Amino acid sequence: MNVDYGHHPQQWSGGLCNCGENFCTCCLTCCLPCITFGRIAEIVDEGRSSCLSQGLVYGLLFTINFQWVYSCLYRKRLRQNFGLPEEPCGDCCVHFFCEPCALCQEHAELKSRGFDPSKGWIGTPTAAPQVPSSMIK
């Protein structure tokens with residue numbers, strides 16, 4: 001994602017503890033965080049990896065409680081892609097202490113920027129849909 005936001009730092013679209021704003025994502029993340037992570041990773045990787053492969057790696061690391069290291073690397077990449085600040089604390093700290101909230105926040109951030117993580121990588125979202133001239137009165 002080569003997104004140029006100039007020198008002005010961007011802000012997260014929602015706070016770390018805004019998990020309840022999307023009930024479905026919150027429930028999915030609490031029960032099956034590997035799916036939420038896989039969706040995030042596929043978009044951050046711009047389709048170079050699949051939700052399935054990333055979710056499997058996450059799931060394997062989850063069995064030894066080491067998934068937070070892997071997911072914090074993707075949080076860092078997401079932040080760098082969109083010029084987001086490292087808040088409320090370091091990426092690994094956020095994922096270690098509040099993994100479900102971090103995944104929900106990242107999922108919500110992608111949605112707020114026009115991506116649909118449930119559909120996977122389908123390209124960079126456009127600002128507005130193009131209307132064919134035949135449909136304009």
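Throughout, residue positions are numbered sequentially from 1 according to the sequence presented. What you see is a predicted model, and the numbers here were worked out from it, not measured in a lab.
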Is atom CZ of Phe62 surrounded by more than 12 heavy atoms (other residues, nucleotides or ligands) closer than 6.0 Å?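 Result for CZ/Phe62: open.
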What are the two closest heavy atoms between [X] and [Y], and how far apart are they?
X	Y	result
Val94	Pro88	CG2-CD, 3.9 Å
Phe82	Gln10	O-CG, 3.1 Å
Ser49	Ala41	OG-O, 4.1 Å
Pro100	Cys30	CB-SG, 4.5 Å
Arg48	Arg77	NH2-NH2, 4.2 Å
Pro117	Lys111	CD-CG, 3.5 Å

Evaluate the salt bridge (charged side-chain N to carboxylate O under 4.0 Å, His left out) criterion for residues Asp91 and Arg79: first the C-alpha distance (whole Å), next the side-chain angles of each, then the deciding distance (0.1 Å), finally the verdict. CA-CA 9 Å; Asp91 297 328; Arg79 276 191 322 92; 2.9 Å; yes
Considering residues at least two apart in sequence or located in another chain, which fulfil the side chain to side chain donor-acceptor pair (under 3.5 Å) criterion with Ser50?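 Only Ser53 meet the side chain to side chain donor-acceptor pair (under 3.5 Å) criterion with Ser50.
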Check: [Y] main-chain N/O paired with [X] side-chain donor or acceptor under 3.5 Å:
X	Y	answer
Gln67	Gly59	no
Asp116	Ser118	yes
Glu42	Cys51	yes

If you apply the rule side-chain hydrogen bond (donor to acceptor under 3.5 Å, both in side chains), what do you find for His107 with Thr36, and how did you get there? CA-CA 7 Å; His107 190 274; Thr36 304; 5.9 Å; no
Same cluster or not: are [X] and [Y] linked, directly or through other Ile, Leu, Val, Met, Phe, Trp or Tyr residues, by side-chain heavy atoms under 4.5 angstrom apart?
X	Y	value
Leu52	Val44	no
Trp12	Leu73	no
Ile64	Val69	yes

Of Trp68, Tyr74, Phe66, which meets ring pair (Phe, Tyr, Trp, His ring centres under 6.0 Å) against Tyr70?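 By the ring pair (Phe, Tyr, Trp, His ring centres under 6.0 Å) criterion, Tyr70 pairs with just one of Trp68, Tyr74, Phe66: Tyr74.
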For the pair Phe37 and Tyr58, name the ring-plane relationship: parallel under 30°, tilted 30 to 60°, perpendicular over 60°.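 Parallel: the ring planes of Phe37 and Tyr58 meet at under 30°.
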Find the distance between CG (Leu28) and CG (Leu103) and round it off to the nearest 0.5 Å.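 Going from CG on Leu28 over to CG on Leu103, the span is 10.0 Å.
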From Cys34 SG over to Leu61 CG, what is the distance, rounded to the nearest 0.5 angstrom?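 Going from SG on Cys34 over to CG on Leu61, the span is 11.5 Å.
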Among Lys76, His95, Glu106, find the one that has a side chain to side chain donor-acceptor pair (under 3.5 Å) with Ser71.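 Among Lys76, His95, Glu106, the one meeting side chain to side chain donor-acceptor pair (under 3.5 Å) with Ser71 is His95.
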side-chain hydrogen bond (donor to acceptor under 3.5 Å, both in side chains) between Arg75 and Gln105: does it pass, once the steps are laid out? CA-CA 10 Å; Arg75 182 179 181 88; Gln105 182 187 35; 2.7 Å; yes
Hey, does Leu110 have a side-chain heavy atom less than 4.5 Å from the side chain of Ile40?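 Yes, side chains in contact.
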Tell me yes or no: SG of Cys92 and SG of Cys72, less than 2.5 Å apart?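 Yes - the two cysteines, Cys92 and Cys72, have SG atoms within less than 2.5 Å of each other.
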Test Lys119 against Arg39 for side chain to side chain contact (heavy atoms under 4.5 Å, CB included), laying out the working first. CA-CA 8 Å; Lys119 292 183 180 178; Arg39 290 175 174 179; over 6 Å; no
